[in-house]
There are 2 protein chains.
Amino acid sequence: MRQSATPLIEHSMTKPAKFDREDIIHRAANLYWEKGFHATSMRNLQEVIDMRPGSIYAAFGSKEGLFKEALDHYAQSGVDVLDDCVAKTDSPLAALKLFVEKAIAGQKTPAPSGMCMLVKTVAELTEENADLLAQAKQSLSVVEGEFAKLLAQAQANGDIDTEQTPQALARFLQVQIIGIRTYAHVNSDDQTIGQLVNATFNNPPLAKLK
Amino acid sequence: MRQSATPLIEHSMTKPAKFDREDIIHRAANLYWEKGFHATSMRNLQEVIDMRPGSIYAAFGSKEGLFKEALDHYAQSGVDVLDDCVAKTDSPLAALKLFVEKAIAGQKTPAPSGMCMLVKTVAELTEENADLLAQAKQSLSVVEGEFAKLLAQAQANGDIDTEQTPQALARFLQVQIIGIRTYAHVNSDDQTIGQLVNATFNNPPLAKLK
DNA sequence: ACTATAATTGAGCAAGTGTTCAATCAGTGT
DNA sequence: ACACTGATTGAACACTTGCTCAATTATAGT
C-alpha cells in the first residue's frame, strides 16, 4: 500500500511508483493555490495530476495530506526564490527589494494567484483545519525569519537604521508584502503598485541611509 | 412567493414576513465572515438564522444572493463605524487612527474573524463567482474613497504632507490595514500590532506635521 | 516461466451539497 | 365567519463530496 517518494531498495523490489512525486505536488499546489482548499475538489485534483483516487490516497492519505505537502512545497520554493535574489544582488537590501518586486510581478501571467498561497490559506482556513492553518502560519514565520537575517546584515552594513530590531523590521516588511499583494487584487495598476513598493523601501524604517 | 424587506400595503394584506430581515442578514454575514463562502453550507446558515430552506430561497434566491446581501451589510456597517469615528474625534486624522485601532482590536473577542470580510472574500473567490468578487472589490473601493475624503481634509487642515494625493494616501492606508489585520492572524501579540499601527501613523506619508 | 509484492485502477459508497415544491399555516379584508 | 393570499415548512431531489477496496497490472528476484 505504501508508496515511497524515492523508491527504496528492499528485500525484493516490485513495481516502483511511476509518477514524479515532486511534479505531482507542484501541480496540486498550483491548483490549491488558485482555487483555495475548500473550492478544490478531489476530482479537480485527479484531473490536473492525472492520478486515480486510489493512488492519490495511497500516496498522500487525504485531501488535507496532499494540501500539507503542497504548502510545504510552496513555502520551500519561496525560500528558494529569496536565496536566488540574494545570489543575484550585491546587498541584502537589494535582495529583499528584488524579492518583493518578483512576488508582486508574479501576480501577472504565470502564477495561479496574485496572492501568497500561505496568506490565502491563513485567510481561508479556521480551527476546523487547525493543523494546516498552523503549518501555514509557521511557514510565514520561517520566511519572516529569513527576512530578519537579511535585515540584520543590512544593519551591519550600515545600509539601514538600527533603531528597530531586525525582527521588527521583518514584521514590517511582511505587513507591506501581504498588504500590497492583496491590494493588487483590487487595483492592479502597475504604476500604483510600483508606488507602494517604492514607499516601502524609501521611507523609514527601511529607507536606505546615504 | 416574493418577500418584501418592509412589508408593503397592497390590495389585500396577508401574513407579513415574521422575521427581521436586517437581523437575519446580520447573522448570516457573521457566519459567512467566520467560515468563508465555500465552507459555509446552507445547512449551517439554516441553523444560525433559524429559517427553513424554502423561506431562505424565497427571500434571497440563492446562497450567492444571501452572500451578496451579507457583503452589502458588512460594507455598510464598516462605513457606519468610520462615520462614528469621525463623530467621536476632532480631526480627520484622529478619526482614521481610531478606525484602524477599532478594526484591529475587533480581532479579539466579538468579531467572527480578525480579518476584514471584504478582504477574505477577495482572497477566497475566483472568477467562478465573478459577481460576488466584483462586489467585494467595489466595496473596498468605496471605503478607500471615504479614506481619501478624510485625508483630503487632513491635508487642508495642514495636518499631513500634501506631496501625495489623497487617493494615493488612501491606497497606502488600505495596504497598511489589510497587511496588519492579516498579519495579526499569524502574530497577534498586542504590543507588536500596536507598533505596526504606530508605524503607519508616525512615519511619512501619514506622519502628523507639527 | 513463475512467484511475490506493491503500485494502480475505477466502480461505488455514505454523507453532504444547493435547491425545489406541494402542502400547510396564519394574518387581512370582507 | 370566511375566503384569499402570501409566508413558511420540510421531505425529497439530483448532484457532488471525500474516500475505500477488491481486482488488476506491472515489475524484480528466483
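Numbers restart at 1 for each chain; the letters A, B, ... are given by sequence-line order, proteins then strands. The analysis underlying the following values was restricted to heavy atoms, covering all of them including side chains, and did not include hydrogens, waters or symmetry mates.
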Q.
Rounded to whole Å, how long is the line connecting atom CD of Glu64(A) with atom P of dT17(D)?
A. 17 Å
Q.
Tell me which residues in residues 40-50 of chain B lie within less than 4.0 Å of DNA chain D, going by non-hydrogen atoms.
A. Arg43(B)
(Q) I need the CE-P distance between Met51(A) and dT9(C), as an integer number of Å. (A) 8 Å
Q. Does the side chain of Ser55(B) get closer than 4.0 angstrom to OP1 or OP2 of dA7(D) through an N or O atom?
A. no
Q.
For the residue pair Lys63(B) and Tyr57(B), would you count it as a cation-pi contact if the rule is NZ or CZ under 6.0 angstrom from the ring centre and within 45 degrees of the ring axis?
A. no
Q) Taking only residues two or more places apart in sequence, or in another chain, which ones meet Asp23(A) in a side chain to side chain donor-acceptor pair (under 3.5 Å)? A) Arg27(A)
Q) Which pairs with one or both residues in residues 74-96 of chain B pass salt bridge (Lys or Arg N to Asp or Glu O under 4.0 Å), sequence neighbours excluded? A) Asp84(B)-Lys88(B), Asp84(B)-Lys102(B)
Q: Taking side chain to side chain donor-acceptor pair (under 3.5 Å) as the test, write out the residues that go with Tyr32(B), two or more places apart.
A: none
Q) In whole Å, what is the span from the CZ atom of Arg52(A) to the C1' atom of dT24(D)? A) 14 Å
Q: For His38(A) and dG18(D), give me the distance from atom NE2 to atom C1', rounded to whole Å.
A: 13 Å
Q: Could you pick out which residue, Pro53(B) or Lys63(A), lies toward the 5' side of DNA chain D when each is mapped onto its nearest nucleotide?
A: Pro53(B)
Q: Please identify each residue that fulfils salt bridge (charged side-chain N to carboxylate O under 4.0 Å, His left out) with Asp72(B), with sequence neighbours left out.
A: Lys68(B)
Q: Calculate the interatomic distance between Phe60(A) atom CZ and dT20(D) atom C1'; express it in whole Å.
A: 18 Å
Q | Gap between atoms CZ and C1', on Phe67(B) and dT19(C) respectively (whole Å) | A | 19 Å
**Q.** Phosphate OP1/OP2 of dT20(C): any Tyr57(B) side-chain N/O under 4.0 Å
**A.** no
Q. On DNA chain D, nearest-nucleotide positions of Gly54(B) versus Phe37(A): which is more 5'?
A. Gly54(B)
**Q.** Atom-to-atom span, CD1 of Ile56(A) to C1' of dA11(C) - whole angstrom
**A.** 15 Å
Donor-acceptor pairs under 3.5 Å, side chain of residues 145-152 of chain A to any protein atom, not counting sequence neighbours: which ones?
{"residue": "Glu146(A)", "atom": "OE2", "partner": "Lys149(A)", "partner atom": "NZ", "Å": "3.3"}

Q. Is His38(A) atom NE2 crowded by more than 12 heavy atoms from other residues, nucleotides or ligands, each under 6.0 Å away?
A. yes
